Amino acid sequence: MNSAQEIWDRVLAILGETMTPTTLSTWFEEAEPVALAEDRFILCIPVPFKRDVVKDRYLPDIKKALYDLFSADLEAVIISREEKERYARQQSEAQRFFPGTENYTFERFVVGNSNKFAHAAAQAVATMPGQTYNPLFIYGESGLGKTHLLYAIAREIHNTHPDWKIIYVRGDAFTNELITSIQKRENEAFRAKYRSADVFLMDDVQFIAGRDSTQEEMFHTFNALYEEKKQIVFTSDRPPKEMLRLEDRLKTRFEWGLLADIVPPDYETRVAIIKNKAIRMGIELPEEVLTYVAENITSNVRQIEGTVNKMLAYRDLMNSDINISTVIRVVRDILKDTSDILPTAEVIIEEVGKFYDIEESALRGHGRTKETNKARQIAIFLTRQLTKLSLAEIGKEFGDRDHSTILHSISRIEKLCKEDPETEEIVKDIKANINARYG
């Protein structure tokens, strides 16, 4: 049941249990299923007289059939041919604005106790951009919906202010773009791009911490936008006060507006997320399946959605019903996948190199500048921590270094992480970048 047509066919079958074939053909023969969008099933009936009759007489029957299919209350919307064409144009426009983010709307964000405050703040910002809660700073662990809220804000503002310039960028991408602009001597174009934004959205702002030039640009970009009452929204995996390598002047500015945290969803919210995702994909989930997924996938919304996607794949590829034995296998696979996928030494070296702006060959080589040496030791430490490579294998990855050199690097970074909060934060940030490659 992946398409609106398949859903409508099932609805007609349910209606046929209580209605005569003549009734079905008379009133529903011209009906055209349009979409299952948000919590609405959209049906086009082009003949005005029949459309009015269906609305007045048969709408409750359609809604009941949808409830029987999905165990959830869905709205049934009956539209005209003109409204269908308008809806198609709107969907086309939505796909042109930040392509690939069409599903990241406020309507599709499942609200619970864990994210209610952040959701309300995001909606307030989208309704009155630049006038309240500026900047808005949303923080929480990965996979809980921060990026979803950023795109929802962007989409809502775009709908009401289609001519506004809305910019979305990740913290690390902002840094990389700045480096490129400096190399090409295009600093002014870089500044003009970001300081002319009507809405500035930065995801994972924690990645600018400790980068002097990036923080300098951010400071002036922030001031320029704030003074012009342009809306600014940041997301991060931690609040500003916990970004130890972030300049105090930026910490202060990030805290000028409103801080809103998101925590892992509670049981009820997890059930709602699973139901919401299943409905949008046209999947019928028995109650025991909902319960099992909600009880076993507890910390990450992305994992919950991945579980539903995998259940759909099992059903379609294996031609198998979704039952409790299927979902147990899927949940085990999901949990196994997330725990068993290990990064390679190559990925770790690449991410350390990107973080320090040092060539990978230098990290693998024998250069002994202070920064290169520390970056290499961090790469060795993370390779030992995140992979199953032996000390000898790690030594080969780093220019055939001997056993004692590898052990020294590991012990030095372990010691620094305990004694120096800045080193601990650097290791945490690099590890987050590595993990994001496998998210």
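None of these values were measured; they are calculated from a predicted model.
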Can you see which heavy atom on [X] is nearest to which on [Y], and at what distance?
X	Y	value
Ala432	Phe207	CB-CZ, 4.4 Å
Ile166	Ile157	CD1-CG2, 4.1 Å
Ala197	Leu225	O-CD2, 3.4 Å

Under the side-chain contact (heavy atoms from CB on, under 4.5 Å) test, which residues partner Leu391, sequence neighbours left out? Arg384, His403, Ile406, Leu407, Ile410
Using the side-chain contact (heavy atoms from CB on, under 4.5 Å) criterion, which residues pair with Pro421? Sequence neighbours excluded. Leu244
Apply salt bridge (charged side-chain N to carboxylate O under 4.0 Å, His left out) to Lys165 and list each qualifying residue two or more places apart in sequence or on a separate chain. none
May I ask you to check whether Thr269 and Asp266 show a side-chain donor-acceptor distance below 3.5 Å? yes
Would you tell me whether Arg155 and Thr101 have side-chain atoms, one donor and one acceptor, within less than 3.5 Å of each other? yes
Restricting to pairs with a member in residues 198-212, which pass salt bridge (charged side-chain N to carboxylate O under 4.0 Å, His left out), not counting sequence neighbours? Arg170-Asp204, Asp198-Lys230
Mind jotting down which residue pairs meet the salt bridge (charged side-chain N to carboxylate O under 4.0 Å, His left out) criterion with at least one end in residues 55-67? Sequence neighbours excluded, please. Lys64-Asp68
Between Glu255 and Lys251, does any side-chain N to carboxylate O distance fall below 4.0 Å? no
Salt bridge or not for Glu351 and Lys354, using N-O below 4.0 Å? yes
Here the ring pair (Phe, Tyr, Trp, His ring centres under 6.0 Å) pairs for residues 233-290, sequence neighbours left out, are Phe137-Phe254, Phe222-Trp256, Tyr226-Trp256, Phe234-Phe254
Does the gap between the ring centers of Tyr104 and Phe98 come in under 6.0 Å? no
Please round to the nearest 0.5 Å and tell me the distance separating atom CG of Asp237 and atom CD1 of Ile262. 12.5 Å
